[in-house]
Amino acid sequence: MTVGRDCHGISDGNFYNVTAKSPVIIGSFCSIAPGVLFLCQGDHRTDTVSTFPFQSRTFKTKTNLEYLTSKGPIVVGNDVWIGSRAIILSGVKIGHGAVIAAGSIVTKDVEPYALVGGNPAKLIKRRFPDETVAALLEIQWWNWPIERIKKERAAFDLPAEEFARRFS
């Protein structure tokens with residue numbers, strides 16, 4: 001598991017079976033609400049006669065993690081807010097600036113600056129117009145040194161469109 005700088009709300013309880021095959025990579029300045037769960041290597045096989053983990057539970061020929069599968073890493077961009085009790089499945093990439101509504105189950109990639117929600121999570125709206133998103137992705141303020149972020153503190157209260165114009 002890799003977590004960027006100044007994230008908050010993250011604890012060991014947020015992760016189920018983080019492994020080298022199914023890591024979680026979280027960018028900087030992310031907000032993780034209580035009860036968020038990253039389901040890493042937790043998929044049961046569906047191509048065998050039973051979904052029950054006989055090999056690990058009954059026959060003891062494999063460990064539980066050998067039996068369970070993953071669709072790959074979970075990658076969370078920078079400045080992402082994930083609402084309470086959301087579940088993020090393996091193999092999902094969440095773009096910079098995205099918002100995941102509380103209680104959502106994220107089964108597919110989320111575009112930058114999208115707000116998604118539901119089960120399965122679907123696009124509710126884009127946070128900003130495409131040109132603002134493009135500018136924010138180019139500015140990459142999350143890579144600024146903390147000294148610059150502090151120096152520009154008033155800019156972080158500006159509407160996104162003004163922020164983008166100011167720093168483009």
Side-chain angles (χ1 to χ4, degrees), residues 1-20 22-42 70-168:
M1 171 178 49
T2 305
V3 178
R5 64 185 173 141
D6 291 316
C7 292
H8 70 93
I10 299 171
S11 70
D12 288 342
N14 292 120
F15 305 95
Y16 180 75
N17 290 346
V18 175
T19 67
S22 193
V24 176
I25 302 153
I26 299 174
S28 297
F29 303 103
C30 291
S31 303
I32 310 297
V36 169
L37 182 60
F38 296 92
L39 282 177
C40 302
Q41 191 165 338
S70 168
K71 293 182 179 114
I74 296 171
V75 179
V76 178
N78 298 288
D79 188 34
V80 171
W81 171 25
I82 303 177
S84 186
R85 300 202 184 282
I87 298 172
I88 315 300
L89 300 185
S90 66
V92 167
K93 181 178 181 184
I94 299 173
H96 303 302
V99 175
I100 310 301
S104 298
I105 299 181
V106 183
T107 62
K108 295 180 180 174
D109 291 352
V110 177
E111 293 293 319
Y113 293 96
L115 191 156
V116 302
N119 178 10
K122 295 190 182 327
L123 179 67
I124 295 171
K125 70 176 190 172
R126 300 286 310 225
R127 290 182 58 201
F128 312 120
D130 289 343
E131 56 275 1
T132 302
V133 169
L136 293 172
L137 292 173
E138 187 174 313
I139 293 165
Q140 296 185 20
W141 64 262
W142 46 83
N143 289 328
W144 293 355
I146 197 67
E147 295 78 21
R148 181 171 183 198
I149 290 173
K150 287 180 179 180
K151 179 182 170 200
E152 303 291 354
R153 70 180 181 195
F156 285 89
D157 284 332
L158 293 173
E161 290 80 4
E162 282 185 52
F163 185 97
R165 278 193 301 274
R166 180 171 177 177
F167 295 105
S168 288

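No hydrogens, no waters, no symmetry mates; every other heavy atom, side chains included, goes into these values.
Taking every heavy atom of both residues into account, Trp142 and Leu137 meet most closely at CH2-CD2, 4.3 Å. Between Asn14 and Gly9 the shortest heavy-atom distance is OD1-O, 3.5 Å. The two atoms that bring Pro23 and Ala20 nearest to each other are CD-O, 3.6 Å, heavy atoms only.
Within a 6.0 Å sphere centred on CZ of Arg126, heavy atoms belonging to other residues, nucleotides or ligands number more than 12. Annotation: Trp141, atom CH2; neighbour count of heavy atoms from other residues, nucleotides and ligands within 6.0 Å is above 12.
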Residues 27-38 side chain polar contacts: donor-acceptor under 3.5 Å, at least two apart:
from	atom 1	to	atom 2	distance (Å)
Ser28	OG	Arg5	N	3.1
Ser31	OG	His8	NE2	3.0

Show every donor-acceptor pair shorter than 3.5 Å between a side-chain atom in residues 91-100 and any protein atom, with sequence neighbours excluded, or say none if there are none.
from	atom 1	to	atom 2	distance (Å)
His96	ND1	Asn78	N	2.9
His96	ND1	Asn78	ND2	3.2

Can I get a per-line list of side-chain donor-acceptor pairs under 3.5 Å for residues 149-168, giving both atom names and the distance, sequence neighbours left out?
from	atom 1	to	atom 2	distance (Å)
Glu152	OE1	Arg166	NH2	3.4
Ser168	OG	Ala164	O	2.5

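Between the OG atom of Ser104 and the CZ atom of Arg85 there is a distance of 13.5 Å, given to the nearest 0.5 Å. How far CG of Leu123 is from CG of Leu115: 8.0 Å, rounded to the nearest 0.5 Å. For the atom pair Leu136 CG and Asp79 CG, the distance stands at 9.0 Å (nearest 0.5 Å). For the atom pair NZ of Lys125 and OH of Tyr113, the computed distance is 14.5 Å after rounding to the nearest 0.5 Å.
For the side-chain contact (heavy atoms from CB on, under 4.5 Å) test, residues two or more places apart in sequence or in another chain that qualify with Asn17 are Gln41, Leu65, Leu68. Legend: residues meeting side chain to side chain donor-acceptor pair (under 3.5 Å) with Thr132, ordered by chain and number and at least two apart, are absent. When the salt bridge (Lys or Arg N to Asp or Glu O under 4.0 Å) test is applied to Lys71, the partners found at least two apart in sequence or on another chain are Asp43.
Side-chain atoms of Ser22 never come within 3.5 Å of backbone atoms of Thr19 as a donor-acceptor pair (strictly under, hydrogens ignored). Remark: side-chain polar atoms of Ser70 are paired, donor with acceptor, to backbone N or O of Gly72 under 3.5 angstrom.
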Item to complete: Test Ile26 against Ile10 for side chain to side chain contact (heavy atoms under 4.5 Å, CB included), laying out the working first.
Response: CA-CA 10 Å; Ile26 299 174; Ile10 299 171; 3.9 Å; yes
Practice prompt. Could you please spell out the steps behind the side chain to side chain contact (heavy atoms under 4.5 Å, CB included) verdict for Leu39 and Ile87?
Written response: CA-CA 7 Å; Leu39 282 177; Ile87 298 172; 3.7 Å; yes
